[in-house]
Chemist: 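Quick one: the structure is below, and I'll ask about it shortly.
Everything numeric in this text was worked out from a predicted model, so none of it was measured. All residue numbers refer to positions in the sequence shown, counting from 1.
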Amino acid sequence: MSLAGYIGCNIEIPLSDEDSNDLIFIGNCFSSKYERQNVKKYQFTTPYVYEVSSDWGIEISEYANTSTSAESKKKLIRLCEIMGSYLRKGDFFEHYTCWVGEEEDKREGELTLQLNNFDIDQIEMPEKTLVRFEK
């Protein structure tokens with residue numbers, strides 16, 4: 001199984017180039033169209049949903065090992081940089097991580113953060129938590 005990350009937003013954003021070496025890849029990787037439809041239906045409030053890949057989903061929690069959490073923090077910062085370049089003031093994007101096939105499962109938490117104005121060392125983003133980033 002793979003831990004997949006998804007984002008939802010109110011605007012269309014470009015997919016990453018297939019040969020991109022960026023820390024964050026926006027496009028299909030682990031999930032199928034079916035999983036993306038389910039995560040859109042059961043988790044997000046937005047019309048556009050994308051898989052966000054980085055070899056593993058973004059999970060920041062006490063249960064993740066130290067290197068996974070450290071890597072996830074770098075990925076989250078990069079994702080916020082990317083999304084900040086597309087969003088206008090007052091807009092938002094949502095992020096959700098789960099195991100592929102669990103997109104329909106009940107959400108286990110919710111969190112709202114101000115984009116690029118949060119302490120990365122003070123947040124927890126375990127799997128199945130919907131995080132809304134507001135600009």
Side-chain angles (χ1 to χ4, degrees):
M1 287 182 93
S2 298
L3 190 65
Y6 301 96
I7 57 170
C9 52
N10 292 317
I11 58 169
E12 277 190 271
I13 59 173
L15 300 179
S16 299
D17 291 329
E18 286 188 26
D19 58 344
S20 173
N21 290 325
D22 200 328
L23 190 57
I24 294 293
F25 181 86
I26 299 172
N28 305 334
C29 183
F30 300 121
S31 69
S32 69
K33 182 178 180 180
Y34 174 77
E35 279 101 17
R36 290 187 299 280
Q37 288 172 337
N38 282 338
V39 79
K40 178 180 179 179
K41 179 178 180 181
Y42 292 99
Q43 306 305 333
F44 290 120
T45 65
T46 60
Y48 300 101
V49 172
Y50 303 91
E51 184 177 357
V52 178
S53 177
S54 52
D55 294 327
W56 202 247
I58 296 172
E59 180 183 19
I60 302 170
S61 80
E62 63 182 291
Y63 304 109
N65 69 44
T66 305
S67 64
T68 299
S69 278
E71 186 68 20
S72 286
K73 289 176 182 181
K74 291 177 188 174
K75 294 173 188 176
L76 180 60
I77 290 168
R78 180 65 185 130
L79 177 60
C80 288
E81 289 170 353
I82 292 168
M83 293 305 295
S85 71
Y86 296 122
L87 300 178
R88 293 185 178 141
K89 186 172 174 61
D91 206 355
F92 67 92
F93 79 95
E94 297 168 325
H95 178 271
Y96 189 78
T97 297
C98 66
W99 294 97
V100 172
E102 295 182 352
E103 289 79 5
E104 295 178 47
D105 288 4
K106 183 178 179 188
R107 195 181 300 156
E108 295 180 4
E110 292 184 35
L111 178 65
T112 300
L113 298 170
Q114 294 302 308
L115 186 65
N116 301 321
N117 191 23
F118 59 90
D119 185 345
I120 192 76
D121 294 318
Q122 299 298 315
I123 64 169
E124 284 235 347
M125 287 177 53
E127 64 178 275
K128 296 185 182 175
T129 299
L130 181 72
V131 183
R132 180 179 167 129
F133 293 90
E134 298 175 341
K135 186 168 183 178

Chemist: In Å and rounded to the nearest 0.5 Å, what is the CD1 to NZ distance from I77 to K75?
Modeler: 13.0 Å

Chemist: Looking at every non-hydrogen atom in both residues, tell me the closest pair between A4 and E51 and how far apart they are.
Modeler: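 Closest heavy-atom pair between A4 and E51: CB-OE2, 4.1 Å.
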
Chemist: Of all heavy-atom pairs between N10 and P47, which one has the smallest distance, and what is that distance?
Modeler: OD1-CD, 3.2 Å

Chemist: Checking side-chain hydrogen bond (donor to acceptor under 3.5 Å, both in side chains) against N28, which of K33, R36, E35 comes through?
Modeler: R36

Chemist: Which hydrophobic side chains are connected to Y42, either touching it within the sub-4.5 Å cutoff or through other members that do?
Modeler: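 Listed partners: none, Y42 stands alone.
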
Chemist: Hey, what do you get for CD1 (I24) to SG (C80), rounding to the nearest 0.5 Å?
Modeler: 9.5 Å

Chemist: Among the clusters formed by ILVMFWY side chains lying less than 4.5 Å apart, do F92 and M125 turn up in the same one?
Modeler: no

Chemist: Using modelled atom types only, decide if a donor and an acceptor are shared between the side chain of K40 and the backbone of V49 within a distance under 3.5 Å.
Modeler: no

Chemist: Would you kindly confirm whether L113 and M83 end up in one hydrophobic cluster when ILVMFWY residues are joined by side chain heavy atoms under 4.5 Å apart?
Modeler: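 L113 clusters together with M83.
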
Chemist: Taking V52 as the starting point, is it possible to reach L115 by hopping between hydrophobic residues whose side chains are less than 4.5 Å apart?
Modeler: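 Yes, same cluster.
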
Chemist: Return the minimal non-hydrogen interatomic distance between N38 and E104, and the atom names on each side.
Modeler: ND2-OE2, 3.0 Å

Chemist: Does CG belonging to N21 count more than 12 external heavy atoms closer than 6.0 Å?
Modeler: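 Atom CG in N21 is not packed in, count stays at 12 or less.
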
Chemist: Do I82 and I13 have side chains that get closer than 4.5 Å, going by heavy atoms?
Modeler: no

Chemist: Assigning hydrophobic clusters by single linkage (Ile, Leu, Val, Met, Phe, Trp, Tyr; side-chain heavy-atom cutoff under 4.5 Å), is F25 placed with Y6?
Modeler: no

Chemist: Please check: side-chain N/O of S61 versus main-chain N/O of E124, any donor-acceptor pairing under 3.5 Å?
Modeler: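 Checked: no pair found.
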
Chemist: Decide yes or no for K73 and D121: does some side-chain heavy atom of the first lie under 4.5 Å from some side-chain heavy atom of the second?
Modeler: yes

Chemist: With heavy-atom distances below 4.5 Å as the criterion, would you say the side chains of K74 and E71 are in contact?
Modeler: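 They are in contact (side-chain heavy atoms under 4.5 Å apart), so the answer is yes.
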
Chemist: Show the nearest heavy-atom pair for residues Y50 and I26, with the distance to one decimal.
Modeler: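 So the minimum-distance heavy-atom pair works out to CB-CG2, 3.9 Å.
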
Chemist: Regarding T45 and E94, is there a side-chain donor-to-acceptor distance under 3.5 Å anywhere?
Modeler: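 T45 vs E94: donor-acceptor pair found between side chains.
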
Chemist: In the structure I gave you, are the side-chain heavy atoms of T46 and F93 within less than 4.5 Å of one another anywhere?
Modeler: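 Sidechains of F93 and T46: no contact.
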
Chemist: Side chains of R107 and Q43, heavy atoms from C-beta outward: is any pair under 4.5 Å?
Modeler: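 Yes, at least one pair of side-chain atoms sits under 4.5 Å.
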
Chemist: Should the pair F118 and F133 be assigned to parallel (<30°), tilted (30 to 60°) or perpendicular (>60°) ring geometry?
Modeler: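 Rings of F118 and F133: tilted, 30 to 60°.
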
Chemist: Going hydrophobic residue to hydrophobic residue with side-chain gaps under 4.5 angstrom, can you get from V39 over to I11?
Modeler: no

Chemist: Please report the shortest heavy-atom distance between I60 and S72, naming the atom on each side.
Modeler: CG1-CB, 3.8 Å

Chemist: Taking C-beta and beyond as the side chain, do P126 and E108 meet within less than 4.5 Å on heavy atoms?
Modeler: no

Chemist: Would you say the side chain of H95 lies within less than 4.5 Å of the side chain of T97, judging by non-hydrogen atoms?
Modeler: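 Yes, their side chains come closer than 4.5 Å.
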
Chemist: Can you tell if the side chain of E103 reaches within under 4.5 Å of the side chain of Y96, non-hydrogen atoms only?
Modeler: no

Chemist: Under the salt bridge (Lys or Arg N to Asp or Glu O under 4.0 Å) test, which residues partner D91, sequence neighbours left out?
Modeler: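 Testing D91 for salt bridge (Lys or Arg N to Asp or Glu O under 4.0 Å), a comparison that skips the adjacent residues, returns none.
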
Chemist: Working note: R132 + F44, criterion side-chain contact (heavy atoms from CB on, under 4.5 Å); need CA distance, chi angles, decisive distance, verdict.
Modeler: CA-CA 10 Å; R132 180 179 167 129; F44 290 120; over 6 Å; no

Chemist: Could you tell me which non-hydrogen atom of K106 sits nearest to which non-hydrogen atom of K128, and how far apart they are?
Modeler: O-CD, 4.1 Å

Chemist: Quick one: CD1 on I120 to CG on L76, what's the gap to the nearest 0.5 Å?
Modeler: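 So the gap between those two atoms works out to 4.5 Å.
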
Chemist: When clusters are formed from ILVMFWY side-chain contacts under 4.5 Å, directly or step by step, what else is grouped with Y34?
Modeler: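 None; Y34 is a cluster of one.
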
Chemist: Just how far is it from atom CD of E134 to atom CG of L87, taken to the nearest 0.5 Å?
Modeler: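 One finds 11.0 Å between CD of E134 and CG of L87.
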
